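Quick caveat, the model's predicted, so the values are computed rather than measured. Here, residue 1 is the first one in the sequence, and each next residue gets the next number.
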Amino acid sequence: MKVDGRHFRSIWLEPDGWSVGAIDQRRLPHEFVIARLETADAAADAIRTMLVRGAPLIGATAAYGMALAVRDDCSDAGIDRAYQLLIAARPTAINLKWALDKMTRAIMPAPPSERALIAYTRAAEIAEQDVAINREIGQHGLALIEAIAASKPPGDAINILTHCNAGWLATVDWGTATAPIYLAHDRGLKIHVWVDETRPRNQGASLTAWELGHHGVPHTVIADNTGGHLMQHAMVDLAIVGTDRVTANGDVCNKIGTYLKALAAHDNGVPFYVALPSPTIDFSIDDGIGQIPIEQRAADEVATMTGRTADGRIETVRVVPAGSPVANYAFDVTPARLVTGLITERGVLRPDRAALASAFPDRA
Ligand SMILES: CSC[C@H]1O[C@H](OP(=O)(O)O)[C@H](O)[C@@H]1O
């Protein structure tokens, strides 16, 4: 996407042909800083510390991390070490395992001398595939938005609520939940986005709002607990969120708070859509609540807030008493029964095993 007139992706191969560039998302929205990843360890740290985040981007970063590893050590043992290092970076987004398995399937059969070229080629393919998939998600989601626009009085905005950041920053480009939004806006549809701030790391307030602002999409940042009130007052036409793992029967794991939003949407008859690329589907499980590992992150993410002072300094302050214990569950699971549809690269699907298996027979 464009940032101040320049086109950026969230991650890219540098002109030197081997190191990897990435936007440091921990610094947004106050600073735009580019990080340079030169080793598999740096890629794993980038995932673990959320320098890069978002299920598809985590997968792409792991793929490039494996390429960086093979460049340094193309032995079977070196590749296995890199796999174990990268797979442990974060537990919930299935894209991480999907990408690493794709990389090792391509690399391992090759002679050691050819492995680095194969690794970089495959990593670039995974990145380009993500961009292409997200464009398709955008097209299928656009049709949903156009249908809602047709049902509203001319000139009325289509109000879309989203949670966390499933934007181009969460992928290589375009985003998943935001791809339909960008396409609809660019087609001239009158779009307004309610942006959940998304505590504790504020991916909505810091990343989605930053993205939409740079793209000129009208939006309003809201506290996480506002969505139900807006839905009760017919101020939300549909919700579109991203996801980190979808089970074979359509249960959706996403940023903490998504389940509560889905409950409010269900209670108020608001369509609740989840946008995802097929690598986010985990066909090996069918009980999201019981089988998806929910990452628990550091207490400081809840206990502190980081922002810019009036005189421009970036500061972190504590917002929880020093003696109070903190729990920081990063994700929750929305049962398929609360999901209106899954916006994928192969169309908008019912959240059930038959629909997913039929659309992706090669994966099921
Ligand atoms: C397009 S996947 C975006 C998905 O990833 C986010 O999690 P995190 O920021 O912790 O990586 C969040 O669950 C988003 O919906």
Any donor-acceptor pair under 3.5 Å linking the side-chain atoms of Thr247 with those of Asn249?
yes

Taken to the nearest 0.5 Å, the spacing of Gln203 CD from Asp196 CG works out to 11.5 Å

Lys/Arg-Asp/Glu bridge criterion (N-O < 4.0 Å) met for Glu197, Arg199:
no

Residue from Asn95, Val172, Val52 passing side-chain contact (heavy atoms from CB on, under 4.5 Å) with Thr61
Val52

Closest approach of Ala298 to Asn328 (non-hydrogen atoms, all atoms of both residues)
O-ND2, 2.9 Å

Suppose clustering is done on Ile, Leu, Val, Met, Phe, Trp and Tyr with side-chain heavy atoms closer than 4.5 Å. Which residues sit in the same group as Ile94?
none

Answer yes or no: is there a donor N or O on one side and an acceptor on the other, between the side chain of Gln291 and the main chain of Asp287, under 3.5 Å?
yes

Considering all heavy atoms, the nearest Met103-Ala67 contact:
CE-N, 4.2 Å

Mind checking whether Leu100 and Phe283 sit in one hydrophobic cluster, side chains of I, L, V, M, F, W, Y counted as touching below 4.5 Å?
no

dist Thr334:OG1 -> Phe272:CZ (nearest 0.5 Å) comes out at 5.0 Å

When you measure from the side chain of Ser358 to the backbone of Ala354, do you find a donor-acceptor pair of N or O atoms at a distance under 3.5 Å?
no

Can you see which heavy atom on Gly242 is nearest to which on Ala177, and at what distance?
N-CB, 4.1 Å

Under 4.0 Å between a side-chain nitrogen and a carboxylate oxygen: does that hold for Asp224 and Lys255?
no

Output yes when a side-chain donor or acceptor of Trp194 lies under 3.5 Å from a complementary backbone atom of Met235, and no otherwise.
yes

Parallel, tilted or perpendicular: ring planes of Trp210 versus Trp168, cut at 30 and 60 degrees
tilted

Tell me, with the steps shown, if Thr176 and Asn134 meet side chain to side chain contact (heavy atoms under 4.5 Å, CB included).
CA-CA 6 Å; Thr176 56; Asn134 296 335; 3.7 Å; yes

Rounded to the nearest 0.5 angstrom, the OH-OG1 distance for Tyr329 and Thr92 is 12.5 Å

Side chain of Ser151, backbone of Ile148: donor and acceptor closer than 3.5 Å?
yes

Neighbour count above 12 (heavy atom, 6.0 Å) for His266 NE2:
no

Answer with yes or no whether the hydrophobic clustering places Tyr64 together with Val70; edges join I, L, V, M, F, W, Y residues whose side-chain heavy atoms lie under 4.5 Å apart.
yes

To the nearest 0.5 angstrom, please state how far the CG atom of Leu85 sits from the CZ atom of Arg48.
6.5 Å

Are Asp73 and Arg81 close enough for a salt bridge, meaning some N to O gap below 4.0 Å?
yes

Checking side-chain contact (heavy atoms from CB on, under 4.5 Å) between Leu230 and each of Ile222, Asn159, Thr220, which is the one that passes?
Ile222

Gap separating the CD1 atom of Ile137 from the CD1 atom of Ile343, nearest 0.5 angstrom
8.0 Å

Side-chain ion pair, Asp76 and Arg115, N-O less than 4.0 Å:
yes

One pair to check against side chain to side chain contact (heavy atoms under 4.5 Å, CB included): Trp174 and Met1. What are the steps and the verdict?
CA-CA 7 Å; Trp174 282 100; Met1 280 297 173; 3.5 Å; yes

Would you check if the side chain of Thr280 reaches a backbone N or O of Arg245 as a donor-acceptor pair within less than 3.5 Å?
no

Please check if the side chain of Ser324 supplies one atom and the backbone of Val320 the other of a donor-acceptor pair under 3.5 Å.
no

Taking atom types as modelled, find out whether Asn165 and Thr208 have a side-chain donor-acceptor pair closer than 3.5 angstrom.
yes

Any link between Val252 and Leu96 through a network of hydrophobic side chains (Ile, Leu, Val, Met, Phe, Trp, Tyr) touching at under 4.5 Å?
no

Heavy-atom nearest pair, Asp251 first then Asp286, reads OD2-O, 3.9 Å

Can His215 and Asp186 be said to form a side chain to side chain contact (heavy atoms under 4.5 Å, CB included), step by step?
CA-CA 9 Å; His215 202 83; Asp186 293 348; 2.8 Å; yes

Mind running side chain to side chain contact (heavy atoms under 4.5 Å, CB included) on Phe360 and Leu349 for me, showing each step along the way?
CA-CA 11 Å; Phe360 301 102; Leu349 308 176; 3.8 Å; yes

Take atom NZ of Lys152 as the centre, draw a 6.0 Å sphere, and report whether it contains more than 12 heavy atoms from other residues, nucleotides or ligands.
yes

Specify the closest pair of heavy atoms between Val348 and Gly341, including all atoms of both residues, with the distance to one decimal.
CG1-CA, 4.4 Å

Would you find more than 12 non-hydrogen atoms of other residues, nucleotides or ligands less than 6.0 Å from Asp72 atom CG?
yes

Applying the 4.5 Å side-chain criterion to the ILVMFWY set and letting contacts propagate, would Leu57 and Ile181 be lumped into a single cluster?
yes

Would a hydrophobic clustering, with Ile, Leu, Val, Met, Phe, Trp and Tyr connected at side-chain separations under 4.5 Å, put Leu338 with Ile281?
no

For the residue pair His229 and His233, categorise the inter-ring angle as parallel (less than 30°), tilted (30 to 60°) or perpendicular (more than 60°).
tilted

Donor-acceptor contact below 3.5 Å, side chain Arg53 vs main chain Gln25
no

Charged N-O contact under 4.0 Å between Asp362 and Arg346:
yes

If only side-chain N and O atoms count, and only distance matters, is there a donor-acceptor pair under 3.5 Å linking Asp101 with Tyr83?
yes

Can you confirm whether Arg6 is buried at CZ, in the sense that more than 12 heavy atoms of other residues, nucleotides or ligands lie under 6.0 Å from that atom?
no

Euclidean distance, Asp173 CG relative to Ser10 OG, rounded to 0.5 Å
7.0 Å

